[in-house]
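Sequential numbering from 1 along the given sequence is applied to the chain's residues. Note that the structure is predicted; figures quoted are calculated from it, not measured. The figures that follow rest on heavy atoms only: side chains count, while hydrogens, waters and symmetry mates do not.
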Amino acid sequence: MTFNFETLTTPESIDQYVASFCRSLSTENPVFIDVKPELWCKQSNCEMNVDKYIEQNGGEKVIGYKIWYIKRKYIEAERHVVYRKDGAYRDLTFNTDGESIILFVPDSKKISYDEKPLKTRHGLTQKTRLLAKQLDLQETGIQQMSQEDSWNTMPSYEDWLKGNRMPNLIPVAAKPGIR
């Protein structure tokens, strides 16, 4: 099945598909948030970026989902953490594709970041429903780095601005005896 994930992006607006998907995730309303990382913020380390920023500036972390969309075809939610102070949101974690705005849905269930699935997918066509199932199956074998390993491995925003790129998922060698 051919599918171009390079077209997966932040929704331009909250259409009926996006609104319905967001309601399936949370009773909270989705909000567009500017991505404004500090130079020290690390790729794929949203929770640690926010925790460290709160240590310096106060405020609170908000756990929820970043929404990605291919209009009228496919939508997914990626677990995510953003910063909030005095009612204003800020995404401290840069996107590897350079997007400067995200659509974020705060989680109304108030469970921890690690208790959430990495991604929740929904196909809006027959082909993309099958694709979503295939991606879910593929992801069952993905092992997540510890927070410390991820912090020590991933580039900072400053490094990223200088052209240092790294994929969000890094293959890990299988342990002996495991196929």
Side-chain angles (χ1 to χ4, degrees), residues 2-14 18 30-71 73-107 112-114 116-121 131 135-136 138-139 141-175:
T2 306
F3 196 75
N4 184 357
F5 271 100
E6 291 179 13
T7 61
L8 192 61
T9 188
T10 300
E12 293 176 4
S13 62
I14 301 173
V18 173
V31 59
F32 286 99
I33 300 174
D34 289 331
V35 178
K36 294 182 180 176
E38 297 291 317
L39 290 176
W40 54 261
C41 287
K42 297 286 191 132
Q43 176 181 320
S44 299
N45 280 265
C46 58
E47 188 172 31
M48 289 183 73
N49 289 337
V50 170
D51 286 344
K52 288 180 184 298
Y53 192 79
I54 288 170
E55 287 174 14
Q56 300 166 5
N57 300 285
E60 64 181 317
K61 75 177 168 184
V62 181
I63 301 169
Y65 308 92
K66 181 173 17 177
I67 305 300
W68 298 102
Y69 188 46
I70 297 175
K71 198 170 190 171
K73 291 183 182 176
Y74 176 87
I75 190 167
E76 71 180 32
E78 178 181 355
R79 70 179 176 192
H80 196 54
V81 177
V82 297
Y83 173 78
R84 181 172 58 196
K85 187 171 184 180
D86 301 326
Y89 289 94
R90 177 178 174 185
D91 188 0
L92 290 162
T93 306
F94 62 96
N95 293 298
T96 57
D97 63 4
E99 289 202 39
S100 59
I101 295 175
I102 64 164
L103 181 61
F104 181 77
V105 182
D107 188 6
S112 76
Y113 176 77
D114 289 330
K116 297 181 184 330
L118 179 61
K119 293 194 178 179
T120 301
R121 300 175 173 95
L131 175 68
L135 292 170
D136 286 341
Q138 287 174 357
E139 216 166 72
I142 292 177
Q143 183 179 0
Q144 190 169 335
M145 279 188 210
S146 70
Q147 282 192 344
E148 183 179 341
D149 286 346
S150 181
W151 188 264
N152 292 330
T153 302
M154 292 303 201
S156 67
Y157 184 53
E158 183 175 27
D159 292 336
W160 185 85
L161 289 172
K162 292 176 183 174
N164 182 5
R165 301 294 192 259
M166 182 177 283
N168 283 325
L169 296 176
I170 301 168
V172 177
K175 294 178 182 163

Exercise. Measure across Ser150 and Ser44 and return the closest heavy-atom pair with its distance rounded to 0.1 Å.
Key: OG-O, 3.9 Å
Self-check item: Ring geometry between Phe104 and His80 (parallel below 30°, tilted from 30 to 60°, perpendicular above 60°)
Solution: perpendicular
Quiz item: Can you name the closest pair of heavy atoms from Leu161 and Leu39 and give their distance?
Solution: CD1-CD2, 3.9 Å
Practice problem: Just jot down the side-chain hydrogen bond (donor to acceptor under 3.5 Å, both in side chains) partners of Asn57, sequence neighbours excluded, or say none. | Solution: none
Quiz prompt | side chain to side chain contact (heavy atoms under 4.5 Å, CB included) between Met145 and Thr153, worked out | solution = CA-CA 9 Å; Met145 279 188 210; Thr153 302; 4.0 Å; yes
Quiz item: Would you say Glu38's side chain and Leu92's backbone share a donor-acceptor pair under 3.5 angstrom?
Solution: no
Quiz item: Taking only residues two or more places apart in sequence, or in another chain, which ones meet Trp160 in a side-chain hydrogen bond (donor to acceptor under 3.5 Å, both in side chains)?
Solution: none
Quiz item: Can you list the residues that meet the side-chain hydrogen bond (donor to acceptor under 3.5 Å, both in side chains) rule with Tyr53, with sequence neighbours excluded?
Solution: Arg90
Self-check item: Ile101 vs Val35 side-chain heavy atoms within contact, under 4.5 Å
Solution: no
Exercise. May I have the step-by-step check of side chain to side chain contact (heavy atoms under 4.5 Å, CB included) for Asn95 and Trp68, ending in yes or no?
Key: CA-CA 12 Å; Asn95 293 298; Trp68 298 102; 3.7 Å; yes
Quiz prompt | Pair listing, salt bridge (charged side-chain N to carboxylate O under 4.0 Å, His left out) test, anchored in residues 96-107, at least two apart | solution = Asp107-Lys116
Quiz item: Would a distance-only check, ignoring hydrogens and angles, find a side-chain to backbone donor-acceptor pair under 3.5 Å from Asp34 to Lys36?
Solution: no
Practice problem: Indicate yes or no: at least one non-hydrogen side-chain atom of Gln43 is less than 4.5 angstrom from one of Thr96. | Solution: yes
Quiz item: For Tyr69 and Leu103, what are the C-alpha separation, side-chain angles and deciding distance, and is it a side chain to side chain contact (heavy atoms under 4.5 Å, CB included)?
Solution: CA-CA 10 Å; Tyr69 188 46; Leu103 181 61; over 6 Å; no
Quiz item: Closest heavy-atom contact between Asp91 and Thr93?
Solution: OD1-N, 3.1 Å
Practice problem: Kindly give the heavy-atom pair with the smallest separation between Val62 and Tyr89, and that separation in Å. | Solution: CG2-CE2, 4.1 Å
Quiz prompt | For Asp159, all residues meeting side-chain hydrogen bond (donor to acceptor under 3.5 Å, both in side chains), sequence neighbours excluded | solution = Ser156
Practice problem: Using a 4.5 Å cut-off on heavy atoms from C-beta on, say whether the side chain of Met154 contacts that of Met166. | Solution: yes
Quiz item: Taking C-beta and beyond as the side chain, do Val18 and Pro30 meet within less than 4.5 Å on heavy atoms?
Solution: no
Practice problem: Answer yes or no: does atom NZ of Lys71 have more than 12 heavy-atom neighbours from other residues, nucleotides or ligands under 6.0 Å? | Solution: no
Quiz item: Could you give all pairs that pass the salt bridge (charged side-chain N to carboxylate O under 4.0 Å, His left out) test and reach residues 50-65, with sequence neighbours left out?
Solution: Glu47-Lys61, Asp51-Lys61, Glu60-Arg84
Self-check item: Asn152 side chain vs Glu148 backbone, donor-acceptor pair below 3.5 Å
Solution: yes
Quiz item: Are side-chain heavy atoms of Tyr74 and Arg121 found at a separation under 4.5 Å?
Solution: yes
Self-check item: Phe94 to Pro155 - nearest heavy-atom pair and separation
Solution: CZ-O, 3.7 Å
Practice problem: Heavy atoms only: give me the nearest Trp151-Asn45 pair and the separation to one decimal. | Solution: N-OD1, 3.5 Å
Practice problem: Check whether any side-chain heavy atom of Cys46 sits under 4.5 Å from a side-chain heavy atom of Val82, and report yes or no. | Solution: no
